[in-house]
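In this chain, residues are counted from 1 in sequence order. All values reported here derive from a predicted model rather than from experimental measurement. Ligands are counted one by one from 1 in listed order, and the atoms in each one are counted from 1 as well.
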Amino acid sequence: MSKIEVVPNQLTIGAEIKGLDLTRPLSDNDFNSIYQALLQYKVIYFRDQKITTDQHIDFSKKFGELEINPFRPQGEGKPELQIIKNDKNNPVLSTDVWHSDLTFREKPTKFTILRCIEIPEQGGDTLWSDMCAAYEGLSESIRNFISELEAIHDFKNFRVLYRGTAQKREELHKMEDMFPNPSHPVIITHPETLQRVLFVNRQFTVRIKGMSDDESRKVLEMLYEQASVPEYQFRLKWHPGTIAIWDNRLCQHYAVNDYYPKLRHMERVAILGDSVPYFDPQAKANIECPSINRVHAVEGLH
Ligand code: SIN
């Protein structure tokens, strides 16, 4: 019998997992409970975990093959470890934009496991937004309109890293060859829960196929805004030893950039995507995403 307790924060997103010490071996039973909670609540977190970097990496391996991030500083001798360390000399690079990780890959990141090493007393929270609830919150007319659309993705915000020299431009061309802009359906079917998910994000989506630039920009803006709806969000206050895991296929995230010039230091391990995003209009979800009824007392008030 698993002794772990799953304590949800919001109706559809965010749950704390209590009763687990990640310095100890994890039983299959506990792993299955964590995995189910992750699929159901999209983001789960653990408090006060005194694990080392190597234990963080080993724990992450249970979720799949580790991903090497092409644009983030890596741990010494540990390419699968990404160091997110921001302070006066190294301000944030583009984590303060709503996004799902690495959707410019043909198979975007599956899960991300982020651990807090050091954080200012105030600030530096992360927000996640439930893209399944966001889909459910759209009107039927808009859902029908976007159901067959595809959007092109690019590592656009990281292009600034390759400015200046001929050698940098050369490196940029290599990156472009490695990540030729994939197109993903605007609505995807989650490959495990079969839920429908709104899958465009401000950081990496560039345009909708088959539309003029102007049309695409306006449609995308309306869809991007869904991540900013507070009713779909979960916000985590970090402490050293907090670890969060999110399902990148179901949610977007935003690291709040309100602590400069103080130090915020995180270590991150991600799980390589194992499927090309697809949309199956016949699929029936096996986990219910309760719809959030943003009902107003007076119709037409807003
Ligand atoms: C990220 O965008 O993956 C980083 C999130 C964070 O630092 O809170």
Indicate yes or no for a side-chain donor-acceptor contact from Q252 to the backbone of V200 under 3.5 Å, with no hydrogens or angles considered. yes
Non-hydrogen atoms closer than 4.0 Å to ligand 1: which protein residues do they belong to? List them by chain and number, please. I84, T95, H99, D101, L114, T126, W246, H253, A255, R264, R268
Relative to F204, does R105 satisfy both conditions: NZ or CZ under 6.0 angstrom from the six-membered ring centre, and within 45 degrees of the ring's axis? no
List the steps and the verdict of side chain to side chain contact (heavy atoms under 4.5 Å, CB included) for L66 and V269. CA-CA 7 Å; L66 303 188; V269 180; 3.7 Å; yes
Residues which pass ring pair (Phe, Tyr, Trp, His ring centres under 6.0 Å) with F199, listed by chain and number, not counting sequence neighbours: H184
Each residue besides W128 in its hydrophobic cluster should be listed here, by chain and number; the cluster joins Ile, Leu, Val, Met, Phe, Trp and Tyr at side-chain heavy-atom distances under 4.5 Å. I13, V43, Y45, I84, L114, I119, F234, L236, W238, W246, M266
Applying side chain to side chain donor-acceptor pair (under 3.5 Å) to T12 and not counting sequence neighbours gives D130
